[in-house]
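Whatever order the structure lists them in is the order used to number ligands and atoms, beginning at 1. Only a predicted model underlies this, so the values are computations on that prediction, with no experimental measurement involved.
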Amino acid sequence: MSIDWDRLWVEARAAMQKAYCPYSNFPVGAAAFTTDGKLITGCNVENASYGLGLCAECGLVSDLATKGGGTLAALVVVASDGQPVAPCGRCRQLLWEFGGNTLQIMTASGPISFATLLPDAFGPTDLDTRSVDS
Ligand code: THU
């Protein structure tokens, strides 16, 4: 599958323009394609109760569900300096649920897979196969 990374950069920057980040002043935008070609986006949304702020990747995962779900194939996360952002630990886990090891994310040195970004991830299969009731 050939990935239109240029489009993802454009859409991630557009999403970043919608960020609500009056506390950090660090807008972040995220854009992804699903394996069936849907485009999904997100931006960070902060809160006066600082710890409740939502990363751009949280918004993206919510947009994925809103648009019917699916599997993430390729992802760009960008900050206002135009450079890619490495997702925080919580967001790596959130994203892995919907993309697994083969999800590609753009870095400053090109795309890498989530197998590299979140090795040995915990996921739904662990719940299915390792519950004492299974
Ligand atoms: N942020 C994201 O949206 N995604 C990341 O991967 C890293 C950080 C946001 C959270 C907060 O609103 C701001 O960037 C500063 O940490």
Backbone N or O of [Y] within a donor-acceptor pair of the [X] side chain at under 3.5 Å?
| X | Y | value |
| --- | --- | --- |
| Asp63 | Thr41 | yes |
| Glu11 | Trp9 | no |
| Glu57 | Gly29 | no |

Atom pair CG (Leu118) and SG (Cys91), whose distance is rounded to the nearest 0.5 Å | 11.5 Å
Sorted by chain and residue number, the residues with a non-hydrogen atom under 4.0 Å of ligand 1 are Ser24, Phe26, Val28, Asn44, Glu46, Cys55, Ala56, Glu57, Val85, Ala86, Pro87, Cys88
Taking only residues two or more places apart in sequence or in another chain, which ones pass ring-ring contact (aromatic ring centres under 6.0 Å, His included) with Phe26?
-> none
In Val78, Leu8, Val76, the residue satisfying side-chain contact (heavy atoms from CB on, under 4.5 Å) with Arg13 is Val78
